[in-house]
Protein chains: 2
Amino acid sequence: MDTGPKIAQVAALIGDPARANMLSALMDGRTLTASELAYVSGVAPQTASGHLAKLSDAGLLALAKQGRRRYFRLASPHVARVLEGLMVVAQEGPARQRNLWRGGETLRHARTCYDHMAGRIAVVIADRLVQQSFILLDEDGGQLTDAGRSFFDELGVDLRLASKRRVFCRPCLDWSERRPHLAGAVGAAILDHALEHDWVEHVRDSRALVVTPVGVRELATTFGIEGAPPMDGHDGRVGSLSGGRVSAIAVESASPGRR
Amino acid sequence: MDTGPKIAQVAALIGDPARANMLSALMDGRTLTASELAYVSGVAPQTASGHLAKLSDAGLLALAKQGRRRYFRLASPHVARVLEGLMVVAQEGPARQRNLWRGGETLRHARTCYDHMAGRIAVVIADRLVQQSFILLDEDGGQLTDAGRSFFDELGVDLRLASKRRVFCRPCLDWSERRPHLAGAVGAAILDHALEHDWVEHVRDSRALVVTPVGVRELATTFGIEGAPPMDGHDGRVGSLSGGRVSAIAVESASPGRR
DNA sequence: CAAATACTTCGGTCAAGACCGTAGTGTTTC
DNA sequence: GAAACACTACGGTCTTGACCGAAGTATTTG
């Protein structure tokens, strides 16, 4: 009846490191098998099995059996948004401990966030689109303008498909940059387009993305982003489009073993 | 470095029933003392003190000392949004266990959600505003139209104040109705207006709101909502504007004692 | 059918942490 | 200054649940 216990139940589920790792691994929208999730969460298959049962029962994960394996994915975008929110809160949390992030530089630069792009690149893209009045965006609401519609049309990004039964355009607060990037159907369409045209590639076993040489060129001409676009510089760093390419393959997988 | 552990830490914090109760109690934006929070969470003051220290350290709560008491409030709207999100997920979670809600009828009808209205009434209001093209709204983005701007002007709702340094208009998925209501500056302004003109009143020790007779009349004329507005009826219920007024004072406070 | 694979169930160990009683510290009231 | 109040620190109890080894159930492969 009271809402406290209800949210506690769900939060406690997410609050276990092993389960949180599983959920994080699914944040990019992929579906993974029980074994794979056991591996990324760093626990034995038996333990993982228990965790996955709980997460499924609670409705956080959706399950598809196929032969002798079981595929799991996040049950709904709402789950992904809660996880996003937790990252944001976790970042802003420990008062002045912000921006101490060492490592994960690849992730900060470009990554997927459920079904769209995130990281410095995504924030810059969002900035440009707003700057050119293709999109109206504040921290919480988004709207595509007529000019924006034709811009995407010319670019060959098909928005009609994506916008059928889905949210059209929304901002998503970037937990590493602390500024919004594009989510929703528009955000997803941009990621699709970028992957399809080899602007970016997935890094194996990670949510990280790397920008290809083609991507550097195309992003520059398409969005007018130069090699080293101006960043908000809250920590003095400047990112280049290809940043993190060389420095880190940075496989995100956890090592198995006891917690 | 990996994001899993980080979100687990925050989620685990929310995942304790006592702490979840505290956070829930603060969802309406109030500031409460340590004692009050101990009471609503149903634990002894010593225990509450420990919980509050953890929540503050983690940056979920902001603390203001005043004399011999300590006032706590949610540290940021982001925290409120995570809590909202958890409620939504908790609702949609247990597969077919939805809409079993007994009790909390007052809450379902009208309540505050951080700083704006939620519940059936808020959803209906949002519906009407959309219907009359005062607001463009989908599940994730919102925009006030020119017509809407003058509508609120005439109504005497001051949007200029609120929109200074704040998100202007955004939808917030209603966890009891599972459809969006208005949040952001516009949502907050509407709640302010409703409270100021005695359309609704706070229920003591609860997030619930009751609609006054004045409110029933004014809401009807202002938004064209009749006594029993059509609901989406996913559970066959129909709510009236004054629904829940008589049936329940339904004080939300928890009884103290062991968990 | 046997072997291998993918996953689950069961049982027992163990550590984390929620809880409160007692005993403090700081602040206001009388 | 004493008493009441609001809150915090410490110490010990006890429950919860995460973990893995061993064994068991489906499903595919040879």
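Lettering of chains follows the sequences in order, A, B, ..., and the numbering in each one begins at 1.
In terms of phosphate contacts, A:Arg69 brings a side-chain nitrogen or oxygen within less than 4.0 Å of OP1 or OP2 of C:dA6. Contact annotation: B:Lys54 reaches the phosphate of C:dA18 (side-chain N/O to OP1 or OP2, under 4.0 Å). For C:dC19, neither phosphate oxygen OP1 nor OP2 lies less than 4.0 angstrom from any side-chain nitrogen or oxygen of B:Thr47. Contact annotation: B:His51 side-chain N/O to C:dC19 OP1/OP2 distance is under 4.0 Å.
Here C:dG17 presents its P atom at 10 Å from CG of B:Leu13, a figure rounded to the nearest Å. When rounded to the nearest whole Å, the span between OH of B:Tyr39 and P of C:dC20 equals 15 Å. For the pair B:Arg70 CZ and C:dT28 C1', the computed distance is 16 Å after rounding to whole Å. A:Gln9 places its CD atom 10 Å from the P atom of D:dG17, with the value rounded to the nearest Å. Rounded to an integer number of Å, the gap from NZ of A:Lys65 to C1' of C:dT5 is 17 Å. Separating the CZ atom of A:Arg68 from the C1' atom of C:dT8 is a distance of 16 Å, rounded to the nearest angstrom.
Partners of A:Gln46 under the side chain to side chain contact (heavy atoms under 4.5 Å, CB included) rule, at least two apart in sequence or in another chain, are A:Ala44. For B:Thr31, there are no side chain to side chain donor-acceptor pair (under 3.5 Å) partners, not counting sequence neighbours. In this structure, the side chain to side chain contact (heavy atoms under 4.5 Å, CB included) partners of B:Ser76, at least two apart in sequence or on a different chain, are A:Glu92, B:His78, B:Val79. In this view, A:Gln9 satisfies the side chain to side chain donor-acceptor pair (under 3.5 Å) rule with no residue, not counting sequence neighbours.
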Let me have the donor-acceptor pairs involving side chains of residues 180-197 of chain A, under 3.5 Å, with sequence neighbours excluded, atom names and distances please.
| from | atom 1 | to | atom 2 | distance (Å) |
| --- | --- | --- | --- | --- |
| A:His181 | ND1 | A:Asp174 | OD2 | 2.8 |
| A:His181 | NE2 | A:His116 | NE2 | 3.3 |
| A:His197 | ND1 | A:His193 | O | 3.0 |

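Side chains of A:Leu209 and A:Ile121 form no contact here, defined as non-hydrogen atoms less than 4.5 Å apart.
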Protein-nucleic acid N or O pairs under 3.5 Å, nucleotides 21-24 of chain C:
| from | atom 1 | to | atom 2 | distance (Å) |
| --- | --- | --- | --- | --- |
| C:dG21 | N7 | B:Gln46 | NE2 | 2.6 |
| C:dT22 | O4 | B:Gln46 | NE2 | 3.4 |

